[in-house]
Each structure stands twice: as C-alpha cells, then as structure tokens.
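Structure first, commentary second.
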Amino acid sequence: MSGSYRSLAEWGQHPIDVVIELAPITKMISRSLFFCLLLALCGFMQSSAEADTNPIVLSSNASELVDLKAELQFLVDPSRELSLGEIFLRQNEFQPIETKYIDFGLGDFRVWLRASLYNPEDQTGVWRLDTGRPFSEELEIFLKYADGSVENVLSHRVTDAFSERPLNQRTLSVDIEIPRNETVQLYLSFRSSSTTSLAINFGAPLAVSDAKNRETLIDVSLNSALLALLVLALMFVSITGWRLSLAFGAYIVSGMLYVAHADGYTAQLLWPDVSISNDALILVFMLLMSASGINFGRVLFVFRDVWPTYDRFLMAISLLGLFFALLAYPFIDVVWLMVLAYLLV
C-alpha cells in the first residue's frame, strides 16, 4: 500500500488510496470467479452434451414399431475423416431432421445420426434396428453405454459379402441389447455413392420382421406384374412385331433387375458370398432401365418414320445411357462423372 494505516479511522481519511490499492485485488477476484464460472459451464456442457436429445422410451411390445426419426439428429462430415471420439466432441453441431424423410441428397460426404434410447424395463431388452438400406459404401452403428464404454454393433463396407452380415436380412439390420433401466446413445454413420436416404424401422425384432414381410409382399406383387407383362409381350410378338416386343422386354427386364437389386434380393439370393460393390450396381441398373425405356418409347411411337431427327436424338440419349452404365461400376468414385450419369436417370 501507499501508506501504513494503523486504524479504521486512518483508512477512512484516505479513501482514494484504499480504492487504488483494492482495485488490483478486486480485478483478480473477478477474473478468478469468471474463470471458475467458465470451467463450470464447460463441464456442464460436456456432461450434458449427449442429453440434448430427448431419450426415446422403448417399449417391450412385440408388435410395436418405434418412431426413431422423431428424435434423430444429424451431422454432416464433408471430410469423411472424423473419428467417433471427435464426433463425441461435436455434440453441439448435431441438428434435428426437419424433413419428412431421412435423405441428405447425393454427395461425397459422411452422415452421422444420433439418438438416445431408454429401456424402462427391469430386464435387458432386445430391439432391432433396420436401416432400410440393402448396402452402402460404409455403414457403422455404435452404442455408448452409461458407463462410457462403446460397442460397435454393426460395421459394413461396400465390398462385404452378404453372408458376412450379423442378420440374414436383405437390408442392413442389427439386434441391440440395452441393459435394464439404462439410457444408451446410438450413433449411426454412413456414406453412399447412390443415395443417402434411410427408411429406418426400429422396434422389437418381431415387429420389424412383420414390417419387412409386408414390404416383401409388395415387392413380389410388383415383380409378378412385371413378369406377366413380359410374358404377354412375348405371346403377342406376331402382332406387335419383334422390334417392339424386344424393346419392351428389355425395358421390363431391366426394371425387374433394378427393383430386385435396390431392395437387396440379388445380393441375398444370387451372389450372397461374392464381395462386389452392390451399391455401385444400383446406378448401373438404373441407367440400363433408363436407356431401355427411352429406346422402347422411340420404337413404340415409330419416331423413325414420323420424326427422324427426334428419333436420332433419342437413340443418342439411349446409347449414352448404355455408355454410362458401362462406366458406372469402375468409376463410381469419380463424382463429376456420376453426376452426369444421374442426369440420365
């Protein structure tokens, strides 16, 4: 201090000196309090980061599906290099899904989804997560438990054979166990060269199986109708002519292949043990269907006779579709080339 004061009276006689001497102390105390408050706030944010989503209270009802999308949040990783640990540190970057469907468009990025799941039962429960995707470039599902441990319950790569899946389902699915009276954090990471849409089914294994069986029934009905049309085209070849029947047959067959492959039947039934990029084949079958459909249209309306210029234009587009179909599989990672290919479908 500027002087030595022996009594309170002397302090009162020199108020300015007292203020000057106490100012650094007050400043130090204020900074210390602010620093402690900041640390406390950071700790609170870190401890509650994963509680930003409302936990989905699960039901043991075997016939009930759970609306997982309602509480899902997403984060897009353009670099595709963020690790799970780095994702844990970016909890405040997750956003709610406000669109009607889970779809993030076409792009060279990785999507992370998260949700909190609470098992209110007094015993460990088993629920099935069906992603709705037959295959993907990469897809992983993690569970983070209350004690901080992490389990990778599903890991899929584009060249994995169908027989390597944990469940014999045409779409990527996994059964997850949640301990009694516990909340776990679900993290789903994926990227795809064809589409980023997910038609998720979540619930008791029986409920999810029933939903998939209903989808299978619809698929069988659709393909049966397409097969019936193909048979009719072959039966009436003498009336319609071989050119029109062949064009129509090619369109129907490519459509059947696309539907069967996009829904996972080809990998499950035709080549379950073969390691190929099934995700890239989706675009191949789409291009074949598009090219054959354009060709069928030009033959059906006899553009070669009534509008030769337009007929040549349609033929060029059809051949271009076939050309891109040949390139789609080996060059699926060339983004600009695949964008051009998608313009044809």
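As the structure is a computational prediction, the values presented were derived from the model and not from experiment.
Side-chain N/O atoms of T183 and S116 include no donor and acceptor closer than 3.5 Å.
Here salt bridge (charged side-chain N to carboxylate O under 4.0 Å, His left out) pairs that include residues 154-173, with residues two or more places apart or in two chains, are E140-R157, R170-E215, R170-D219. Among pairs with a residue in residues 319-330, none fulfils salt bridge (charged side-chain N to carboxylate O under 4.0 Å, His left out), at least two apart in sequence or across chains.
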Which donor-acceptor pairs under 3.5 Å do side chains of residues 293-300 form with protein atoms, sequence neighbours excluded?
{"from": "N295", "atom 1": "OD1", "to": "R298", "atom 2": "NH1", "distance (Å)": "2.8"}
{"from": "R298", "atom 1": "NE", "to": "D311", "atom 2": "OD1", "distance (Å)": "2.9"}
{"from": "R298", "atom 1": "NH2", "to": "D311", "atom 2": "OD1", "distance (Å)": "3.2"}
{"from": "R298", "atom 1": "NH2", "to": "D311", "atom 2": "OD2", "distance (Å)": "3.2"}

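With T131 contributing its side chain and I200 its backbone, the two residues share no donor-acceptor pair below 3.5 Å. A donor-acceptor distance shorter than 3.5 angstrom exists from the side chain of N119 to the backbone of Q123, with no hydrogens or angles considered. For the pair E182 (side chain) and I178 (backbone), a donor-acceptor distance under 3.5 Å is absent.
Taking every heavy atom of both residues into account, S192 and S136 meet most closely at CB-OG, 3.9 Å.
Cation-pi geometry between K144 and Y187 is not satisfied (NZ or CZ under 6.0 Å from the ring centre, within 45° of the ring normal).
Within a 6.0 Å radius of CZ in F323, no more than 12 heavy atoms belonging to other residues, nucleotides or ligands are found.
Using a 4.0 Å cut-off between charged side-chain N and carboxylate O, R180 and E121 make no salt bridge.
Ring geometry for W271 versus H261: interplanar angle of 30 to 60°, hence tilted.
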